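A quick write-up on the structure given underneath.
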Amino acid sequence: MLQAGHATDAAVGPAPGPGTPASKSEEGAGVLMLVDYAERWPTPDLLEVCADALRQGHRARVLLVARPAGAWWQTMSHQIENMDIEVSLLPLQPLAEDLDISPRVLFTSAGNRFAAAMGLPLAGALKPPPAVLENPEFRQVLAVHMAALAMVDAERIGQQGEVRSAGGPADISAYLLTRERTHWQKLQFNGRIRISADAMAHTAYAAALIGPQSYTTGLEAIARVEIGSHESGDQILKDHAIPYPSPFAIGSDGRVTVLEPLYPDRIAEDFIALTLPGHSVHTYPPDPWATDAVQRLIDPDSSSSTSGNASQLHDWPRNALTVLAAAASRWPHVIKRQLTPLIARDPQLAIRAGGAALAAIADLPELEPEVLDAIEPHLPDRDIDLDPGSAVVAYRLTRHRLAYTQNPLHHALLRDELAKRLFHAGLYREALMTTQDSVRAWRHVVANEGKREADLAGALIDLGIFQAQMGLLKEAIITERESADILRRLPTLNADDQAALAIVLNNLSNSQSQQGLLEDALISAREAVDIARRLTQTESAEYEPELALTLDNFGCRLSTMGLFEEAVTVAREAVAIQRRLSGPAATLSPRDSELAAALTNFAARLAEIGQLEEGLDAAREAIGLIRRLAEANPAAYEHELAGALNNFGINSSMAGHREEALVPASEAVDLYRRLAESNPPAYEPDLAMALINLCTCLSRLSRHDEALSPARESLAIRRRLARGNPTAYDRDLAMSLNTLGICLSLTDNHEEALDSAQEAVDLFRRLAEGNPPAYESDLAMALTNLSNFLALAGYPLQALNPARESVDIRRRLATGNPSVYEPDLALGLYALADRHLEADVELSVGLRTAEEAVGIYRRLVPVSPRAYDYYLEHTLHVQADLLDKLGRHEEAARIRRLASDTPDGPVNPGNP
């Protein structure tokens with residue numbers, strides 16, 4: 001079992017860096033990783049703990065122990081599920097919902113154990129106070145246990161009446177805390193501590209708020225909070241450690257923490273609430289000192305006793321506000337006397353407290369909306385840690401504001417903002433539903449006012465984005481089309497509306513492309529470019545960024561349709577605009593990132609028409625730009641650098657620079673691996689892609705055994721991702737299976753290659769049944785590979801059927817779109833002809849098949865010799881071999897002479 005500790009728990013040394021496992025268990029042993037107070041951890045650090053569990057190399061379980069659920073847990077569980085970790089919720093149910101345990105039985109059992117520990121002969125004699133059986137506030141196990149402890153202690157000292165008359169858990173806490181104070185007084189009387197009971201209470205108050213600290217930080221804390229004692233800070237900390245010692249040492253030098261808080265948490269929170277004026281528990285008088293204690297602790301400007309290190313705020317606001325929020329859930333006066341004035345004075349405190357504390361504060365029913373109003377302007381647009389809390393703030397404020405207006409316009413505007421917050425928090429379904437409500441409100445506004453159609457279109461743009469994000473591509477296409485239609489119908493389409501139309505058409509193009517509607521996607525992309533171009537010509541250069549964006553996407557769509565030359569022209573223009581927007585080359589500009597992205601796509605387009613060297617020049621420039629940006633701001637640009645390196649490796653390998661290609665391909669894997677270790681949901685898919693490309697580079701160097709490792713790792717990642725989200729990742733999984741099959745075949749692992757190929761075919765077949773336009777081409781490719789592997793494994797007859805099916809699919813696709821699919825048809829025909837040759841069956845059919853493939857390749861070679869010469873040569877050899885088998889030897893010799901005149905093509909060009 002591993003106990004996870006956070007760097008902010010105590011300043012005792014550097015925390016492990018991202019990707020460094022917290023510990024390794026013994027070989028073969030499972031791991032239970034325990035994270036206590038998980039809600040107090042920053043979200044990225046919790047995700048890193050989960051990633052570390054994955055890196056243990058065997059079965060691991062992470063137990064996140066936390067008080068809140070709600071938005072914090074919804075967001076956290078979603079992000080953990082994205083890491084392909086199975087998530088379950090184990091709530092502690094109230095006793096009323098646990099039919100196996102009654103408060104009476106629980107009280108008696110706990111009381112007997114406490115009595116035995118204190119050496120009291122009370123077994124079976126304890127009776128619970130009436131409130132324990134009657135008051136719903138005692139429906140938590142801990143509340144009953146605390147009542148049992150109080151009852152046993154009261155029996156021991158003869159004060160049973162005080163506990164028996166308790167009306168609720170608050171009275172029990174007051175009794176136990178009074179007994180704690182009596183203990184402090186005895187310690188002072190006996191000379192074990194020097195500070196008074198009041199000073200000990202003040203120190204315990206600070207400890208309850210901020211938790212264990214290093215010695216130096218503890219000194220600073222008690223200086224700020226202004227302990228009521230003439231003793232030195234060192235003495236105060238030593239005295240506090242007598243009743244509350246550190247439970248364990250931290251660090252190799254044996255340093256320990258100070259300011260150990262009261263446990264359990266409930267008693268610490270009740271201590272804070274009872275010490276603070278404003279409660280009604282008459283048996284526990286409050287201390288006016290506590291009124292401003294939190295303010296002094298977390299705001300050095302308000303304290304007269306702070307040290308020269310006052311500007312260092314540590315993580316105290318996060319800890320203190322988390323504890324106060326938990327206390328406030330049971331003690332309303334904490335909201336009025338502490339949280340409200342604290343946040344009113346400095347709303348940024350709620351931001352610094354972190355997402356979980358912010359969510360807990362915003363979720364307090366008694367918190368006035370005015371407090372959230374003060375927080376709202378300080379919320380960042382995006383922040384991985386704060387997003388859950390921001391969503392709760394937006395939800396509470398939206399619900400409050402909606403209740404005070406019946407105006408559909410106000411409803412629409414409020415829901416627009418809430419949907420964005422929910423989406424950023426990972427609450428995608430809720431965001432989608434909220435946006436659907438917003439769209440309905442905008443429809444009502446338009447129907448009744450006859451205006452604001454542009455706003456309805458804007459809401460539909462958001463709805464389309466959310467639908468596409470959730471994989472609802474068909475719905476997204478309908479939504480995006482409606483948004484575009486509305487904008488087109490506007491009587492006066494101002495420049496901003498035209499820009500919005502260009503963007504929604506750009507989005508529509510992406511959705512259509514993912515759905516396999518390639519021709520429609522091209523039409524949408526072309527219209528987006530036309531609109532953006534008109535804007536730049538008739539309005540101003542202000543809209544050139546939109547033009548560059550749409551041109552870049554248009555180039556990709558042209559490429560998908562096989563219009564490679566036009567795609568290069570378009571991509572070249574996108575680069576020219578981005579180059580102009582980015583400014584002088586000597587000066588770094590934020591727009592350099594957009595220029596680098598355009599250069600990367602331009603390099604890919606050049607590679608498609610065989611202009612590999614010029615493409616490499618563009619890719620090198622992109623890498624140079626992004627490397628400079630990444631050096632200045634690694635967090636913002638390292639992922640873009642990894643992507644550019646990955647593409648450069650592919651292009652270098654295609655250009656025949658196989659050794660050179662291995663360097664960027666390896667660096668891309670290293671970068672993505674580091675990024676994926678710190679943020680698996682965001683970067684594991686990219687790591688899997690980079691591993692596939694590294695595998696390809698190694699294969700092209702004939703380092704087939706080495707290529708197996710990245711192929712297997714990529715497959716493992718994509719298999720995990722596909723289990724969590726098959727809609728998004730099944731295609732990638734099938735592609736990795738296909739690549740692994742090729743690597744296995746090249747290392748003579750033919751049976752295992754067959755298993756991978758068959759699984760890939762099964763996956764693609766299922767995908768193609770649901771969406772033929774998007775996946776039939778992939779299915780045909782997988783069938784060709786399965787045929788190849790069957791032949792290599794010595795099953796030539798069985799290899800015929802998948803090759804035939806592949807050709808049937810590719811012939812149908814090529815009939816509808818020859819420019820895109822004829823190269824694939826030629827490849828399938830070549831493979832099928834080879835199968836007839838190897839199986840020695842239907843040789844005349846095989847010959848006609850080879851002749852058809854040769855005819856297609858002869859048309860393709862003039863367009864891109866480097867891409868197709870290799871395949872033409874090999875198809876001619878198969879044709880000649882078939883002619884020999886048929887006894888037509890002179891024709892075979894002539895064909896071989898033609899094949900020998902074909903220029904050398906790329907070696908090992910990639911997938912069959």
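Keep in mind the model is a prediction, meaning the values are calculated, not measured.
A donor atom on one side chain and an acceptor atom on the other are found under 3.5 Å apart for Asp287 and His202.
The closest side-chain heavy-atom distance from Ile343 to Ile361 is below 4.5 Å. The shortest distance between side-chain heavy atoms of Thr291 and Arg337 does not fall below 4.5 Å. Contact check for Ile298 versus Leu342: side-chain heavy atoms found under the 4.5 Å cut-off. A 4.5 Å side-chain heavy-atom check between Phe114 and Asp153 finds every atom pair outside the cut-off. Two residues are said to be in side-chain contact when any heavy atoms from C-beta on lie closer than 4.5 Å; Thr178 and Glu162 fail this criterion. At a threshold of 4.5 Å between non-hydrogen side-chain atoms, the residues Val163 and Glu155 do not count as touching. Contact check for Thr217 versus Trp316: side-chain heavy atoms found under the 4.5 Å cut-off. Contact check for Met151 versus Phe107: side-chain heavy atoms found under the 4.5 Å cut-off.
The shortest heavy-atom contact between Thr283 and Ala174 is OG1-CB, 3.6 Å. Of all the heavy atoms in Ala197 and Gln185, the pair that sits closest is CB-CG, 3.8 Å. The two residues Val225 and Ala293 come nearest to each other via the heavy atoms CG2-O, 3.8 Å. Annotation for Arg266 and Pro169: closest pair NH2-CB, 3.4 Å, computed over non-hydrogen atoms. Across Val132 and Arg139, no two heavy atoms sit closer than the pair O-NH1, 3.5 Å. Between Ala374 and Pro347, the closest heavy-atom pair is O-CB, 3.4 Å.
Here the CD1 atom belonging to Ile172 is positioned 11.5 Å from the CG atom belonging to Leu177, to the nearest 0.5 angstrom. Rounded to the nearest 0.5 Å, atoms OH (Tyr175) and CG (Leu149) are 8.5 Å apart. How far NZ of Lys420 is from CG of Asp387: 14.0 Å, rounded to the nearest 0.5 Å. Going from atom NE2 of His400 over to atom OG1 of Thr405 covers 11.5 Å, rounded to the nearest 0.5 Å. How far CE of Met200 is from CD1 of Ile242: 8.0 Å, rounded to the nearest 0.5 Å. A distance of 9.0 Å separates CG of Leu372 from CG of Leu364, quoted to the nearest 0.5 Å.
With respect to Leu358, the side-chain contact (heavy atoms from CB on, under 4.5 Å) criterion is satisfied by exactly one of Asp363, Leu386, Leu349, Leu321: Leu386. A side-chain contact (heavy atoms from CB on, under 4.5 Å) with His279 holds for exactly one of Val281, Thr275, Leu276; it is Val281. Just one residue in the list Glu137, Glu269, Glu366 forms a salt bridge (charged side-chain N to carboxylate O under 4.0 Å, His left out) with Arg330, and that residue is Glu269.
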Take Leu237 and Leu259 through the side chain to side chain contact (heavy atoms under 4.5 Å, CB included) test and state the conclusion after the steps. CA-CA 7 Å; Leu237 291 177; Leu259 295 179; 3.8 Å; yes
Derivation and outcome, side chain to side chain contact (heavy atoms under 4.5 Å, CB included), residues Leu262 and Glu180: CA-CA 10 Å; Leu262 288 161; Glu180 195 80 0; 3.8 Å; yes
List the steps and the verdict of side chain to side chain contact (heavy atoms under 4.5 Å, CB included) for Ser173 and Ile267. CA-CA 6 Å; Ser173 292; Ile267 198 72; 3.9 Å; yes
Begin with the C-alpha distance, continue with both residues' side-chain angles, and end with the deciding distance and a verdict on side chain to side chain contact (heavy atoms under 4.5 Å, CB included) for Ile351 and Leu379. CA-CA 7 Å; Ile351 308 300; Leu379 296 173; 3.5 Å; yes
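Side chain of Arg421 to backbone of Ala391: no donor-acceptor contact under 3.5 angstrom is found. Between the Ser246 side chain and the Val258 main chain, no donor and acceptor come within less than 3.5 Å of each other. One N or O on the side chain of Asp239 and one on the backbone of Ile195 form a donor-acceptor pair closer than 3.5 Å. Of the possible polar contacts, none joining the Glu368 side chain to the Thr340 backbone as a donor-acceptor pair under 3.5 Å is found. For Trp289 (side chain) and Glu226 (main-chain N/O), a donor-acceptor pair under 3.5 Å exists by modelled atom type. Of the possible donor and acceptor atoms, none in the side chain of Asp270 sits under 3.5 Å from a partner among the backbone N and O of Ala170.
In the displayed structure, Arg179 atom CZ is contacted under 6.0 Å by more than 12 heavy atoms of other residues, nucleotides or ligands. Within 6.0 Å of the CZ atom in Arg164, the count of heavy atoms belonging to other residues, nucleotides or ligands exceeds 12. The environment of Tyr395 atom OH is sparse: at most 12 non-hydrogen atoms of other residues, nucleotides or ligands sit within 6.0 angstrom.
A tilted orientation is assigned to the rings of His240 and Tyr244, their planes being inclined by 30° to 60°.
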